[in-house]
Number of protein chains: 2
Amino acid sequence: MTSPPAPTPTHRARGDSRDALLTAARELIVGRSYSAVGIAEICAHAGVRKGSLYHFFPGKEALTLAMLDALYADFEREVLIPGLAGANGLHARIEAFVHAIHAFEARMQAESGQLPGCPFGNLAVEMGTHNPTLRRAIRGHLDAVTAHFRSVLDEAVQDGELPGDTNTEALAEQWLALMEGILVMAKADQDPATVLRLGPALVTLLTHSPPEVPHER
Amino acid sequence: MTSPPAPTPTHRARGDSRDALLTAARELIVGRSYSAVGIAEICAHAGVRKGSLYHFFPGKEALTLAMLDALYADFEREVLIPGLAGANGLHARIEAFVHAIHAFEARMQAESGQLPGCPFGNLAVEMGTHNPTLRRAIRGHLDAVTAHFRSVLDEAVQDGELPGDTNTEALAEQWLALMEGILVMAKADQDPATVLRLGPALVTLLTHSPPEVPHER
DNA sequence: CTTGCACTGTACCGACCGGTCAACTAGTGT
DNA sequence: ACACTAGTTGACCGGTCGGTACAGTGCAAG
């Protein structure tokens with residue numbers, strides 16, 4: 001423990017260039033988009049030269065992939081878990097979640113002047129048609145979000161707030177779809193109030209889950 | 001009628017270059033995205049030289065604006081009106097609309113190999129944060145779609161299918177948001193079946209409109 | 001002290017971006 | 001026959017894109 005405070009075998013001259021690149025890529029790509037942000041701008045924002053970027057990552061796509069992993073981890077820890085587990089009852093949890101998203105969008109707009117919408121949904125739309133690697137990675141993160149939604153719904157079923165035969169898997173996916181749509185609209189408006197205005201739709205969708213018509217086949 | 005079939009006063013040597021440019025821009029930009037398609041590619045696809053493009057349009061943005069106007073007009077005539085007015089009853093109309101959207105996405109994927117999602121939603125997401133002109137134009141088209149949804153809901157209220165105090169304006173906006181979200185998910189999946197899988201959420205949302213809780217204030 | 005190696009800095013690449021320009025072509029009105 | 005002009009053409013512009021090549025640079029182990 002008296003040795004220098006570097007647990008890793010590398011020397012790491014000064015500040016971690018890799019982390020700086022990931023942070024810069026996150027701020028810029030989330031604030032704008034994948035194709036609107038160039039390698040040069042990411043490097044400048046991170047205070048790192050291009051050669052270092054290509055030492056740590058094979059290219060822009062790999063950097064973005066790593067950035068998305070870190071972004072999802074933070075989103076899960078800072079928004080998903082506290083926003084969903086904080087309140088009691090399904091209705092209250094939905095409202096808490098909507099307000100957490102609203103707060104995030106409003107803060108981003110205050111900081112950068114732009115309302116970004118959902119970073120994962122944005123990338124899914126942007127790269128869905130011409131970058132299968134990124135598309136699949138994003139799809140995986142969206143699935144992880146759906147799993148969190150589902151556990152909330154399962155709890156609501158156990159507490160008797162939803163019918164026992166509720167298809168929580170399907171409903172969780174619908175929840176995510178509506179959330180993504182709300183954020184598309186908010187981005188089109190560039191107004192965080194749109195999140196609050198459309199939020200009640202989530203309550204309608206989630207508390208009236210199976211349309212009384214049994215699934216005809 | 002023995003004169004050449006050109007009713008307009010201009011000479012128009014051969015095929016309309018302007019229309020060819022609009023068609024090419026539509027096919028390419030809808031199939032991929034604004035920034036992924038270049039001027040050169042649009043011109044090549046239209047069989048027109050770059051100089052002609054800049055004769056008819058001041059630039060890429062103006063071309064896209066005109067393309068979006070034509071695209072919305074066609075969408076309204078070919079999908080929105082027949083898809084919504086074809087059936088009787090709200091439930092049937094929703095299902096007909098979902099199937100119309102599914103058919104469009106499946107056809108696009110069969111033709112171009114890519115499932116595009118909603119062209120307007122895509123552009124809203126792509127340009128929302130850094131092209132206010134395009135953003136506002138798209139927002140206008142989305143409003144026009146909402147107006148169509150609302151008239152369907154108003155009819156349902158008049159027919160007694162929805163409560164008389166239904167806020168059809170708010171509900172129409174929620175309808176659009178959910179539809180956009182469904183198309184984001186379908187694009188992330190690159191699978192038109194996602195439209196059908198999530199379609200029932202529209203029925204839930206639209207036939208249970210105001211959560212029985214009166215709007216607390 | 002010397003060697004090895006992770007990391008950095010800079011110059012450079014070909015391709016492509018949106019956009020400009022002047023010269024040309026071909027119908028139209030007089 | 002003439003001039004006018006809408007439309008067309010292809011060469012060209014500066015700038016930026018993602019990515020590459022390679023010579024340093026400084027730390028750590030031998």
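Every chain is numbered from 1 and lettered A, B, ... according to where its sequence line falls, protein lines coming before strand lines.
Between D:dT8, C:dG18, D:dG18, one nucleotide has an atom nearer to the side chain of B:Lys60 than all others, and that is C:dG18. Considering only side-chain atoms of A:His55, the nucleotide from D:dT20, C:dG18, C:dT8 that sits closest is C:dT8. Of the candidate nucleotides D:dT20, C:dG18, D:dG7, D:dG7 has the atom lying nearest to any side-chain atom of B:Phe56.
Nucleotide C:dT20 holds its C1' atom 13 Å from the CG atom of B:Leu53, rounded to whole Å. Between the OH atom of A:Tyr54 and the C1' atom of C:dC12 there is a distance of 14 Å, given to the nearest Å. The CG-P distance, from B:Leu21 to D:dT8, rounds to 9 Å in whole Å. Distance CG (A:Asn131) to C1' (D:dG18): 14 Å, rounded to an integer number of Å. Rounded to whole Å, atom P of D:dG18 lies 12 Å from atom CG of A:Leu28. Here C:dC12 presents its P atom at 17 Å from CZ of A:Arg49, a figure rounded to the nearest Å. Taking atom CD1 of B:Ile39 as the reference point, atom C1' of C:dT20 lies 13 Å away to the nearest angstrom. Regarding A:Ile42, its CD1 atom lies at a distance of 13 Å from the C1' atom of D:dG19, rounded to whole Å.
Remark: B:Lys187 NZ to B:Asn122 CG distance equals 3.5 Å, nearest 0.5 Å.
Between the side chains of A:Thr129 and B:Arg32, no donor-acceptor pair is found at a separation under 3.5 Å. For the residue pair A:Ser35 and A:Glu126, a side-chain donor N or O sits within less than 3.5 Å of a side-chain acceptor on the partner.
The base of D:dG10 has none of its N or O atoms less than 3.5 Å from a complementary donor or acceptor on the side chain of B:Lys50.
No donor-acceptor distance shorter than 3.5 angstrom exists from the side chain of B:Gln174 to the backbone of B:Leu205, with no hydrogens or angles considered.
The phosphate of D:dT8 (OP1 or OP2) has a side-chain N or O of B:Ser17 nearer than 4.0 angstrom.
Note on A:Gly51: a base of the nucleic acid sits closer than 4.0 angstrom, heavy atoms only.
Positionally, the nearest nucleotide of DNA chain D for A:Ala36 lies more toward the 5' end than for the other of A:Ala36 and A:Pro58.
The existence of a salt bridge linking B:Arg197 and B:Asp189 is confirmed by a sub-4.0 Å separation between a basic side-chain nitrogen and an acidic carboxylate oxygen.
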